[in-house]
Amino acid sequence: MRIKPPFVLTVAALALAACSTPDAPAPANTLIVARAAAAPTLDGNGSDAAWAAAKPLTIDLEDGANFAGGKGETKATLKSVVAGDMIYFLIQYADPTESVQRGPYQKQADGSWVKLKDPKDKGGDDNVYYEDKWAMIWNINMPDFAAKGCGVTCHLDQGKPYGNKYATKPGEFGDIWHAKGARTTAPWGLVDDQYLDATRYDAKTQPNAGRKNEPGGPDYRPFNLVGGKPEFMHKDGKAANAGGTYWIKDGDQVPFDDSKFKPGDEVASYLALQLKGDRGDIRISSKWANGQWTHEVARKLVTGSQFDVQFNDMSKAYAFGFAAFDNAQVRHAMNYDTLKLVFAK
């Protein structure tokens with residue numbers, strides 16, 4: 001992964017730019033939050049009148065897995081509006097396939113069941129049987145991030161492809177919004193709200209380094225084969241590849257009935273659990289159509305959590321990063337610039 005020269009604007013310059021006329025182009029790498037008369041409806045359509053008044057920020061994403069032509073590249077367009085005490089985001093990007101086939105069990109010709117896995121995956125790097133995701137990381141109090149962008153939190157060659165994330169100094173935090181298509185987004189309409197601190201990588205004690213989960217999880221629970229068969233199935237009895245789902249919402253599971261499935265059928269391998277409290281305070285509705293994902297996201301401007309970015313000063317610039325995953329566990333397509341969010345005056 002290469003780190004490109006950061007694009008830096010002062011807060012004063014950004015604030016001045018945000019005061020420009022509605023027809024003026026937005027400053028480079030800056031997402032301007034418009035005021036909406038009415039909140040957009042979270043339905044994954046992106047057709048609400050509120051979005052028409054918001055300036056789009058279009059960014060290039062690169063160096064990921066999959067995406068068009070297997071080049072790991074796409075473009076994302078972001079919009080944002082505020083209504084009442086809520087902030088909303090419209091996130092759209094090209095993705096040739098809708099991927100939700102996360103590690104399913106498949107019935108074999110001899111009646112046995114196996115879990116499907118990327119044959120090239122040597123640990124934490126599945127790019128075949130996974131899910132579509134996206135992630136945003138917001139600066140809370142990291143000076144390096146504010147000046148140079150989210151690349152300062154990335155540290156390569158530490159236990160996994162694309163390395164690990166952590167802040168520079170103890171006491172520094174970032175807010176991670178991680179939309180997991182087949183675990184949190186589709187089943188529950190939630191983004192996994194995580195955070196970043198300065199914990200260093202240790203293979204035995206801190207394999208995820210600074211990336212941490214906020215209180216209110218977990219987001220899912222895998223289940224095993226019991227007596228050679230999956231422990232649970234969805235109560236509708238449908239195969240995931242024949243009208244069912246590749247997840248089971250907690251509460252929809254029933255004991256597995258092997259007689260309902262034929263060779264080639266696939267079923268879920270995990271329960272999708274509902275996030276609560278701090279970890280479940282970001283709502284989302286998503287739709288994939290004609291090679292494009294559309295996500296509508298909502299969160300309170302101010303949550304009061306120490307692990308969340310607080311949009312409590314509308315004269316301030318908020319630094320963030322954005323990445324998208326096309327059926328990839330960790331190999332995200334990313335933007336290397338310093339992105340900023342400012343509120344229109």
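These numbers come from a predicted model, not from an experiment. Positions are given from 1, in the same order as the sequence printed here.
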Donor-acceptor contact below 3.5 Å, side chain [X] vs main chain [Y]:
| X | Y | answer |
| --- | --- | --- |
| D118 | N127 | yes |
| D219 | D192 | no |
| N139 | F145 | no |
| T184 | L190 | yes |
| D250 | L273 | no |
| D337 | L339 | no |
| K229 | D257 | no |
| N208 | N164 | no |

Handout entry: Residues which pass side chain to side chain donor-acceptor pair (under 3.5 Å) with K75, listed by chain and number, not counting sequence neighbours
Key = D60
Problem - salt bridge (charged side-chain N to carboxylate O under 4.0 Å, His left out): pairs with one or both residues in residues 198-211, sequence neighbours excluded - result: none
Problem - Of all pairs that satisfy salt bridge (charged side-chain N to carboxylate O under 4.0 Å, His left out), the ones with a partner from residues 90-106, not counting sequence neighbours - result: R102-E131
Practice task
Could you check Q206, Q158, E172 and say which one makes a side-chain hydrogen bond (donor to acceptor under 3.5 Å, both in side chains) with Y166?
Solution key: Q158
Practice task
Test D125 against every option in K120, Q329, R331 by the side-chain hydrogen bond (donor to acceptor under 3.5 Å, both in side chains) rule and name the one that passes.
Solution key: R331
Practice task
If a pair satisfies side chain to side chain donor-acceptor pair (under 3.5 Å) and one of its residues is in residues 265-274, list it, with sequence neighbours excluded.
Solution key: Q101-E266, Q106-E266, Y246-E266, K262-D265
With sequence neighbours left out, write down each residue that passes ring-ring contact (aromatic ring centres under 6.0 Å, His included) with [X], or none if nothing qualifies.
| X | value |
| --- | --- |
| Y105 | none |
| H234 | none |
| F320 | W138 |
| W51 | none |

Counting C-beta onward and ignoring hydrogens, is there a side-chain heavy-atom pair between [X] and [Y] closer than 4.5 Å?
| X | Y | result |
| --- | --- | --- |
| W247 | R183 | no |
| I137 | H178 | no |
| L271 | Q253 | yes |
| F322 | I59 | yes |

Problem - Sole candidate of D326, T185, V297, L61 that passes side-chain contact (heavy atoms from CB on, under 4.5 Å) when paired with W134 - result: V297
Practice task
Establish, yes or no, whether a centroid distance under 6.0 Å links the rings of W113 and F256.
Solution key: yes
Exercise for the section: Compute the ring centroids of F325 and Y130, then answer whether they are less than 6.0 Å apart. Expected result: no
Scan the side chains in residues 84-93 for donor-acceptor partners under 3.5 Å anywhere in the protein, sequence neighbours excluded, and list what turns up.
| residue | atom | partner | partner atom | Å |
| --- | --- | --- | --- | --- |
| Q92 | NE2 | T294 | OG1 | 3.1 |
| Y93 | OH | K133 | O | 3.4 |

Practice task
Please write out which residues are connected to Y201 in a hydrophobic cluster, directly or through intermediates, given that two of Ile, Leu, Val, Met, Phe, Trp, Tyr count as joined at side-chain heavy-atom separations below 4.5 angstrom.
Solution key: none
Would you be so kind as to tabulate the donor-acceptor pairs closer than 3.5 Å made by side chains of residues 34-46, with sequence neighbours excluded?
| residue | atom | partner | partner atom | Å |
| --- | --- | --- | --- | --- |
| D43 | OD1 | N45 | N | 3.0 |
| D43 | OD2 | N45 | ND2 | 3.3 |
| N45 | OD1 | K287 | NZ | 3.2 |

Problem - Qualifying residues under side-chain contact (heavy atoms from CB on, under 4.5 Å), relative to N312, sequence neighbours excluded - result: V302, Q310, Y318
